[in-house]
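Here is the naming used below: chain letters follow the sequence lines, and residue numbers restart at 1 for every chain. These figures come from a predicted structure and were not determined experimentally. Basis for what follows: all heavy atoms, side chains included, without hydrogens, waters or symmetry-related copies.
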There are 2 protein chains.
Amino acid sequence: MVFTEPQHCSIDLRLRILSRLPFFKDLPAKAVEEINRHFVEMDYQRGERIYTAGDPAERLYVVADGKVRLLQHAESGKDVLLGILGSGEFFGNLAALGTAVHIDTAEAHTPICALSVRSEDFRQILDEHTGLALRALEVLGERLSAANQRVLLISAMPVDRRIAFMLLEISRKFGRQEEMGLLIDMPLSRDDLAEMTGATPETVSRVLSQLQSGGVITSGRQWIAITDRQKLEAQAGA
Amino acid sequence: MVFTEPQHCSIDLRLRILSRLPFFKDLPAKAVEEINRHFVEMDYQRGERIYTAGDPAERLYVVADGKVRLLQHAESGKDVLLGILGSGEFFGNLAALGTAVHIDTAEAHTPICALSVRSEDFRQILDEHTGLALRALEVLGERLSAANQRVLLISAMPVDRRIAFMLLEISRKFGRQEEMGLLIDMPLSRDDLAEMTGATPETVSRVLSQLQSGGVITSGRQWIAITDRQKLEAQAGA
DNA sequence: TTCCTTCCATGATTCAGATCAGATAACTGC
DNA sequence: GCAGTTATCTGATCTGAATCATGGAAGGAA
């Protein structure tokens with residue numbers, strides 16, 4: 001079970017990513033091409049930091065290929081994994097105007113290729129193409145909704161339910177049907193899950209062991225597959 | 001210590017609120033007047049529900065006078081208080097387009113007067129006045145940032161720090177300097193704080209008692225005043 | 001292969017905070 | 001002022017999950 005992905009993307013991929021973005025979908029091809037000129041390609045190794053919370057938010061990014069981790073850290077050293085982004089998703093400060101700083105930290109969860117644009121340029125693009133800002137609003141709205149959901153999850157549910165819930169969430173986004181079940185198509189460690197659910201790796205390990213012996217999931221080193229979605233949903237809901 | 005507020009706002013207040021909104025600040029007075037025509041006034045009693053999560057998001061609101069609670073509820077019955085909004089703040093689905101539903105529940109924390117506009121009308125306003133959408137983006141960005149902060153708080157800090165932190169946060173927004181200290185200018189029960197910090201009312205009560213005997217705060221039934229901000233910050237930071 | 005590092009499982013123990021249970025004290029309506 | 005209700009305090013107990021500790025297994029580099 002190895003997850004290898006190319007570390008840079010072709011010129012072709014680049015334009016295709018941009019034009020397929022829900023974001024730019026309704027724009028004429030010519031406009032997308034014009035917009036494309038403002039983007040530059042940036043590649044990162046697994047684990048590499050793209051930006052850190054507190055840095056001035058000078059650029060905005062789109063994942064072209066690979067997965068990106070968004071996290072928030074406490075002075076205690078404990079990190080919280082806010083989410084994992086896949087191809088086509090924005091990160092950086094979508095609302096960046098002027099002198100804003102990044103509110104989260106982004107790092108490469110797998111080797112990634114990202115497209116990046118200067119905040120000012122993006123702002124200008126928003127200005128020129130009315131309607132795009134509304135799209136941006138939608139994206140932010142969804143993120144806000146997810147974050148609120150998360151607060152509820154962590155502050156009102158026991159760990160085992162949180163973990164079950166999170167697995168469902170992740171599988172919905174990154175699941176790929178395989179013989180063994182619905183495989184989560186990226187490296188996902190116990191630590192990752194712990195940072196997402198506000199638990200410790202030990203606890204996550206225990207809960208996963210239990211799920212595994214219950215026939216709900218199959219898992220190994222850095223990978224998890226859901227074999228019985230029904231049961232998992234029951235676990236999350238009850 | 002009683003908190004009474006008028007339950008409806010004058011016609012005059014209404015226009016003043018709108019024109020002073022950071023949101024509409026840069027628009028010509030004429031435009032604001034025009035926009036004003038789309039808004040209607042709505043009054044609510046304390047505790048009254050304005051909308052519930054899952055309802056279709058047909059309207060958008062601005063607090064004219066009073067305080068509004070935004071909350072999210074779990075099936076377990078446990079509620080999470082996402083935030084309390086004061087005069088001039090938006091609520092409802094700022095990103096509402098088409099058939100969206102409310103992601104949270106809003107209720108009157110005090111008697112309130114709200115201004116409300118149909119989502120479609122608001123959307124049209126955004127379309128007509130380029131620049132407004134960027135403002136909306138800023139607002140959502142701030143909320144997202146706050147929500148992420150909250151996730152970090154709850155999943156990486158012990159209760160006493162969470163409560164201290166939350167008190168600072170609230171006082172920053174609703175604090176009013178009085179002889180006794182920095183009074184939080186609205187009813188605020190132990191239950192409210194519990195729902196904001198993911199704790200139980202009993203625990204909140206204990207922590208507040210401790211803060212009070214430490215001379216950090218003074219409190220009574222539904223009110224809290226900060227007498228020693230320095231100490232409170234120490235409590236929140238260490 | 002063998003070393004070495006990283007990830008994972010699982011047991012034992014501890015502890016922060018929830019839960020349960022009364023006892024006061026403050027407001028409300030009459 | 002009195003009764004009833006709602007908010008608060010505080011103690012006693014319990015428990016979910018963290019912490020501490022250790023062994024094992026999977027992959028990477030030479």
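Residue T200(A) has a polar side-chain atom (N or O) positioned under 4.0 Å from OP1 or OP2 of dA18(D).
Looking at every heavy atom in both residues, I226(A) comes nearest to L232(A) through CD1-CD2, 3.6 Å.
Closest approach to the S205(A) side chain among dT10(C), dA18(D), dA18(C) is made by dT10(C) (side chain taken as heavy atoms from C-beta onward). Among dT10(D), dC7(C), dT8(D), the nucleotide with an atom closest to any side-chain atom of S209(B) is dT10(D).
Without hydrogens or angle criteria, Y51(A) side chain to G92(A) main chain gives a donor-acceptor distance under 3.5 Å. For the pair S145(A) (side chain) and I103(B) (backbone), a donor-acceptor distance under 3.5 Å is absent. Judged purely by atom type and a 3.5 angstrom limit, S116(B) has no side-chain atom pairing as donor or acceptor with the backbone of R59(B). Under a 3.5 Å cut-off, the side chain of K173(B) and the backbone N or O of L168(B) do not form any donor-acceptor pair.
Five base pairs at each end of the helix from dT1(C)-dA30(D) to dC30(C)-dG1(D) define two local axes, and these are offset by 50° (rounded to 10°).
L193(A) has its side chain out of reach of L81(A): every pair of non-hydrogen atoms, C-beta onward, lies at least 4.5 Å apart.
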Candidate pair D104(A) and F91(A), rule side chain to side chain contact (heavy atoms under 4.5 Å, CB included), full reasoning
CA-CA 10 Å; D104(A) 50 20; F91(A) 61 106; over 6 Å; no
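To the nearest angstrom, P of dA25(D) lies 15 Å from CD of Q212(A). Rounded to an integer number of Å, the gap from D191(B) CG to dT8(D) C1' is 10 Å. Following rounding to the nearest Å, R161(B) (CZ) and dA16(C) (P) show an atom-to-atom distance of 15 Å. One interatomic measurement links the two molecules: CZ of R190(A) to C1' of dA18(D), which rounds to 19 Å at whole-angstrom precision. Taking atom CD1 of I163(A) as the reference point, atom P of dC8(C) lies 13 Å away to the nearest angstrom. For E195(A) and dC7(C), the CD to P distance is 11 Å, given to the nearest whole Å. Distance, Q210(A) CD to dA9(C) C1': 14 Å, rounded to whole Å. Note: CZ (R46(A)) to P (dC7(C)) measures 8 Å, nearest angstrom.
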Give me, pair by pair, the N or O atoms of the protein and of nucleotides 20-26 of chain C that are less than 3.5 Å apart, along with how far apart they are.
from    : atom 1 : to      : atom 2 : distance (Å)
dA26(C) : N3     : R221(B) : NH1    : 3.4

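Using a cut-off of 4.0 Å between Lys/Arg side-chain N and Asp/Glu carboxylate O, E178(A) and R176(A) are scored as salt-bridged.
Each side chain to side chain donor-acceptor pair (under 3.5 Å) pair with one or both residues in residues 159-171 of chain A, not counting sequence neighbours, appears once here: R161(A)-E75(B), E169(A)-R172(A), S171(A)-R229(A).
At a threshold of 4.0 angstrom between heavy atoms, the contacts of P158(B) are confined to the sugar-phosphate backbone, with no base atom among them.
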